[in-house]
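See below for the structure under consideration.
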Amino acid sequence: MPTFDTADRFERDWKRLATDQQARFRKVITEAFVPDLLADGPFRGGLRVKGVTAYPGVFEMTWAPDGRATFSYGDERVPGEVHIVWRRIGTHDIFTPPPGP
């Protein structure tokens with residue numbers, strides 16, 4: 001079974017999601033994302049998993065019509081099991097760079 005961690009930014013994003021959004025994300029993870037990881041094949045098309053161009057090693061996935069999450073692969077915590085680090089979650093807005101000089 002894959003293991004996972006969450007980045008601090010993901011935790012902050014998570015708290016801003018509505019309860020129904022959190023439930024939907026959990027459902028997509030348990031019913032689609034994890035089974036695809038375990039199958040060791042490509043992710044199903046509906047998840048739309050692809051690399052984030054500006055950040056090599058970071059991937060995005062779709063979990064709702066306007067629901068996106070980013071993740072990266074981390075070092076194995078359990079030998080032979082994939083380790084996922086969840087980085088951001090929310091709408092397309094998670095891809096907007098923060099304001100600054």
Side-chain angles (χ1 to χ4, degrees):
M1 185 62 115
T3 58
F4 71 92
D5 278 321
T6 55
D8 292 341
R9 190 86 185 254
F10 182 94
E11 292 294 330
R12 289 191 301 272
D13 293 341
W14 180 259
K15 291 175 184 174
R16 286 191 278 263
L17 294 178
T19 304
D20 62 314
Q21 290 173 309
Q22 292 176 352
R24 184 167 188 166
F25 178 76
R26 285 187 182 114
K27 181 177 176 148
V28 168
I29 295 306
T30 59
E31 294 181 6
F33 187 83
V34 168
D36 289 356
L37 278 176
L38 294 174
D40 200 28
F43 287 100
R44 63 194 74 199
L47 292 176
R48 296 176 33 194
V49 173
K50 62 183 178 180
V52 177
T53 306
Y55 298 96
V58 176
F59 301 86
E60 68 172 279
M61 65 160 278
T62 299
W63 55 270
D66 192 24
R68 303 293 181 273
T70 62
F71 67 93
S72 57
Y73 293 92
D75 295 332
E76 290 180 356
R77 300 293 171 92
V78 175
E81 298 294 340
V82 175
H83 183 72
I84 299 294
V85 179
W86 292 105
R87 302 168 57 91
R88 297 290 314 269
I89 188 168
T91 66
H92 278 97
D93 291 344
I94 66 172
F95 300 115
T96 303

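Keep in mind it's a predicted model, so treat the numbers as computed, not measured.
Of all heavy-atom pairs between S72 and G57, the closest is CB-O, 3.3 Å. Shown here for R88 and R9, the closest heavy-atom pair between the two residues is CD-CG, 3.0 Å. Taking all atoms of both residues into account, the shortest heavy-atom contact from V52 to F59 is CG2-C, 3.9 Å.
A 4.5 Å side-chain heavy-atom check between K27 and W63 finds every atom pair outside the cut-off. Between L17 and R24 the shortest side-chain heavy-atom distance does not fall below 4.5 Å. For the pair F25/I89, a side-chain contact is recorded, criterion being any heavy-atom separation below 4.5 Å from C-beta on. By the 4.5 Å heavy-atom criterion applied to side chains, K50 and E60 are counted as neighbours.
If you chain together hydrophobic residues whose side chains sit under 4.5 Å apart, L37 and L47 fall into the same group. When the side chains of ILVMFWY residues are joined at heavy-atom separations under 4.5 Å, either directly or via intervening members, V85 and M61 end up in two distinct hydrophobic clusters. Using a 4.5 Å cut-off between side-chain heavy atoms of Ile, Leu, Val, Met, Phe, Trp and Tyr, with links allowed through other members, V28 and L38 fall into the same hydrophobic cluster.
Using a 30° and 60° split on the angle between ring planes, W86 and F33 fall in the tilted class, from 30° to 60°.
Between the side chains of T6 and E11, at least one donor N or O lies within less than 3.5 Å of an accepting N or O. Inspection of the H83 and D5 side chains reveals an N or O donor paired with an N or O acceptor under 3.5 Å.
To the nearest 0.5 Å, atom OG1 of residue T62 and atom CZ of residue F43 are 12.0 Å apart. Interatomic distance, Q22 CD to D20 CG, rounded to the nearest 0.5 Å: 9.0 Å. Of the inter-residue distances, the one linking F10 atom CZ with R87 atom CZ reads 12.0 Å to the nearest 0.5 angstrom.
The neighbour count for D40 CG, taken as heavy atoms of other residues, nucleotides or ligands under 6.0 Å away, does not exceed 12. Counting heavy-atom neighbours within 6.0 Å of Y73 OH, excluding the residue itself, gives a total above 12. Within a 6.0 Å radius of CZ in R48, other residues, nucleotides and ligands contribute 12 heavy atoms or fewer. Within a 6.0 Å radius of CZ in F4, other residues, nucleotides and ligands contribute 12 heavy atoms or fewer.
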Fill in: T91 and R68: CA distance, side-chain angles, deciding distance, side chain to side chain contact (heavy atoms under 4.5 Å, CB included) verdict
CA-CA 5 Å; T91 66; R68 303 293 181 273; over 6 Å; no
Practice prompt. I would like to know whether M1 and V34 meet side chain to side chain contact (heavy atoms under 4.5 Å, CB included); could you show each step before the answer?
Written response: CA-CA 8 Å; M1 185 62 115; V34 168; 3.8 Å; yes
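Between the side chain of D13 and the main chain of G90, no donor-acceptor pair closer than 3.5 Å is present.
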